[in-house]
Structure formats: C-alpha cells, structure tokens
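Below you'll find the structure, written out as structure tokens, and then a few comments.
Just so you know, these numbers come straight off a predicted model, no measurement behind them. Remember, it's 1-based here, ligands and their atoms both numbered in the order they're listed. Atom set for the values below is all heavy atoms of this structure, side chains included, hydrogens, waters and symmetry mates excluded.
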Amino acid sequence: MQEQNLDLKKLRTRLKRHMEEAVPDARIDYCLTCGMCVSGCPASGIEDMDPRKFLRLLALGQDEALLKTDWIYSCTMCQRCEYACPMKINVGRFVYELRGMRPRDERPRNLQRSCDLQRESNSTGIPNEDFVWVVNDVLEEVIQEEPEWADLKAPMDKKGAEFYLNQNAKEPTVEPEEMVPLWKILHAAGADWTYSSKWWDGANYCLFTGDAEDWEKTVRNQAETVDALGVRYYINTE
Ligand code: SF4
Ligand code: SF4
C-alpha cells in the first residue's frame, strides 16, 4: 500500500464525505474485507468489480476509479450484500448515490431518456389517449373472444374506487395482452379498482438514474392523481 493511502485526511475524499453525509449508518470504515457480500452479488465480476472491491475503493479514497466505473449500472441495488454483510454495509445505497452524481449527459442514454419522458408523462412517451384507447381495445377483444369473461372490466378514472392500479408502460406499448391476466385476477377477486388516464406508468426509471429529485417528482405526480380520484389503496405493479 502506498504511503499516501495511510494518510487518514487524504482518505476522507469527496466521495467518502458525500456518502457519509447522504447515507445513514454508512459504516464505510467498518468493512472487514471478508467478501461475504461478493458471494451473493449478481453483479460480482462484471466490469472487473464486485461489492467488496467497490467498498475498498471507496474506503481508500479512489474516487476517480469509482466515478468512472460503469459497474454501477450492473448493480441491481438488490441489497443482498447488506443482508450478507456482518457489518450491515449497504453497497447498493452507495451505488445509488454514485449514479446520481454522474452528469446527466454521461448516464446511460436510454435510462436517462426514459426518466426524462417519465417526468413529462410516462417512460415510453406514448400519449395518454393512446393508453386509454389500447386498454379499451384490448378489453373489447377479450369480451368478444372469451365469452366466459364477457363482464370483464378495465375501469379508467373511476372516482372512489378501492384500488388504484398503475401499469408498466411497455405493456400497452408493445405487449398489450399482458395487461389482461391482472384484470382477470382483480375481476375474479371482486376488486373495485381503476386505472388513471394520466400518470399511469408504474415504472420509475428516475430511481435507476439515481436522481432523487426526478424520482420524487414522478412518485408525487402519481400520488396526487390517486388522491384526486379518492382511491383508498395504491397498488404499484413495479
Ligand atoms: S446491491 Fe448491488 S452490490 Fe449489493 S448485492 Fe445487489 S447487485 Fe451486488
Ligand atoms: S461483507 Fe461487508 S464487511 Fe465483508 S467485505 Fe463485504 S462490505 Fe466488507
């Protein structure tokens, strides 16, 4: 180990300070280097990185390597590492922070684009009218082709319903028939539910870009819609 890495002031770099301020119980210096986190991590070995190595780079002040690595987009933020770690260090949480520190134009383009679209309406960018049209069209088809489901419903903007259901935007866009099984389950259970014709997208790509402000805006738009409909329970399908 080089002598400069033993200087504790030098080790408290920009990234380490950021993590210690942003992450409750960051415990960066508690790492035992035991490697338990590596064993269950689905991203171990990708981009020549794993959670133990990530944590060592952070603890040893190797900001440049961390700010450069694209491994942060392989980490699923599943928290298995935290579960396995004897010191309960949550590497996924550091990854989230690091993603948010990337300049927008250096984030994966498709991810950032989906988040940008979502802040406007939904992550695929299809007009809300198209979502409503697809839902009604698929419903009509099921009713016509499956007589046993002749009274199936897919309510839209139903005020005072008990459940609000959101929808992964990819389904109405590319595989609309995938929406039907859940409609059938809710129908068979006798649930009083509704979609909303706006802010209906259940995915939140802004979580994956690590941008808390965008993420919060997306969730707030949907929560306010649910409140305006007077719905009691919010079912997030993602
Ligand atoms: S949160 Fe990331 S680092 Fe931790 S186990 Fe999951 S993929 Fe691996
Ligand atoms: S499991 Fe925890 S203590 Fe062990 S190497 Fe991973 S982060 Fe460090």
Side-chain angles (χ1 to χ4, degrees), residues 1-115 118 123 168 170 201-216 218-219 236-238:
M1 187 181 290
Q2 291 175 354
E3 198 176 328
Q4 63 171 7
N5 283 342
L6 296 174
D7 181 334
L8 291 179
K9 278 194 187 139
K10 282 186 182 162
L11 291 181
R12 202 158 185 284
T13 54
R14 173 185 163 221
L15 273 192
K16 202 169 170 190
R17 280 199 305 276
H18 176 93
M19 299 304 177
E20 286 172 347
E21 281 161 19
V23 181
D25 286 330
R27 301 165 196 251
I28 296 167
D29 294 322
Y30 287 28
C31 177
L32 305 169
T33 70
C34 65
M36 291 294 284
C37 50
V38 181
S39 58
C41 171
S44 281
I46 299 174
E47 306 269 351
D48 194 26
M49 186 69 78
D50 61 53
R52 176 183 169 280
K53 186 171 177 184
F54 181 94
L55 215 274
R56 299 320 304 146
L57 289 170
L58 183 60
L60 296 173
Q62 303 299 301
D63 290 13
E64 210 178 310
L66 288 171
L67 288 164
K68 257 190 343 212
T69 180
D70 283 336
W71 180 77
I72 57 173
Y73 298 107
S74 295
C75 166
T76 60
M77 297 192 284
C78 64
Q79 296 184 291
R80 278 189 189 181
C81 49
E82 184 190 9
Y83 183 75
C85 174
M87 307 310 285
K88 293 292 158 229
I89 298 169
N90 186 348
V91 176
R93 186 68 177 77
F94 299 137
V95 166
Y96 172 76
E97 287 298 320
L98 203 51
R99 287 188 189 189
M101 292 172 85
R102 275 268 174 113
R104 293 175 100 87
D105 60 355
E106 290 176 22
R107 295 174 186 168
R109 209 171 37 184
N110 285 345
L111 199 58
Q112 189 59 50
R113 183 170 175 273
S114 295
C115 172
Q118 196 145 28
S123 57
N168 184 314
K170 294 233 164 22
D201 185 1
N204 192 337
Y205 287 88
C206 304
L207 163 65
F208 303 116
T209 58
D211 201 317
E213 207 176 300
D214 291 346
W215 181 18
E216 191 263 349
T218 304
V219 174
N236 188 0
T237 55
E238 290 298 303

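- Here the heavy atom of the protein found nearest to atom 2 (Fe) of ligand 1 is Cys75 SG, 2.3 Å.
- Neighbouring protein atoms of atom 2 (Fe) of ligand 2 (N, O or S, distance under 2.8 Å, waters ignored): Cys85 SG.
- Nearest protein neighbour of atom 6 (Fe) of ligand 1, counting heavy atoms only, is Cys78 SG, 2.3 Å.
- For the side chain to side chain contact (heavy atoms under 4.5 Å, CB included) with Leu66, the qualifying choice from Val95, Thr13, Leu58 is Leu58, the only one to do so.
- Contacts with ligand 1 closer than 4.0 Å are made by backbone heavy atoms (N, CA, C, O) of Gln79 only, the side chain lying farther away.
- Near Met77, with a cut-off below 4.0 Å to any heavy atom, the atoms of ligand 1 are 1 (S), 2 (Fe).
- Proximity of Tyr205 to Asn110: side-chain heavy atoms (C-beta onward) are nowhere separated by under 4.5 Å.
- Of all non-hydrogen atoms in Asn168 and Lys170, the two that sit nearest each other are OD1-N, 2.8 Å.
- Using a cut-off of 4.0 Å between Lys/Arg side-chain N and Asp/Glu carboxylate O, Arg56 and Asp50 are scored as not salt-bridged.
- Here is the list of ligand 2 atoms found below 4.0 Å of a heavy atom in Thr33: 5 (S), 8 (Fe).
- Less than 2.5 angstrom separates the SG atom of Cys115 from that of Cys206.
- At a heavy-atom distance under 4.0 Å, only side-chain atoms of Trp71, from C-beta outward, approach ligand 1.
- Between Leu67 and Leu98, the closest side-chain pair of non-hydrogen atoms falls below 4.5 Å.
- Counting protein heavy atoms only, atom 8 (Fe) of ligand 1 is closest to Cys41 SG, 2.3 Å.
- Relative orientation of the Phe54 and Trp71 rings is tilted, given thresholds of 30° and 60° on the angle between their planes.
- Two residues are said to be in side-chain contact when any heavy atoms from C-beta on lie closer than 4.5 Å; Cys37 and Ile89 fail this criterion.
- The residues Arg17 and Glu21 are annotated as not salt-bridged, no charged nitrogen and carboxylate oxygen being separated by less than 4.0 angstrom.
- Which of Val95, Asp50, Thr76, Asn90 comes nearest to atom 7 (S) of ligand 1 through a heavy atom is settled by distance: it is Thr76.
- Close contacts of ligand 1 with Arg80, meaning ligand atoms under 4.0 Å from a residue heavy atom, involve 5 (S).
- Residues Arg107 and Tyr73 have side chains in contact (heavy-atom distance under 4.5 Å, counting atoms from C-beta outward).
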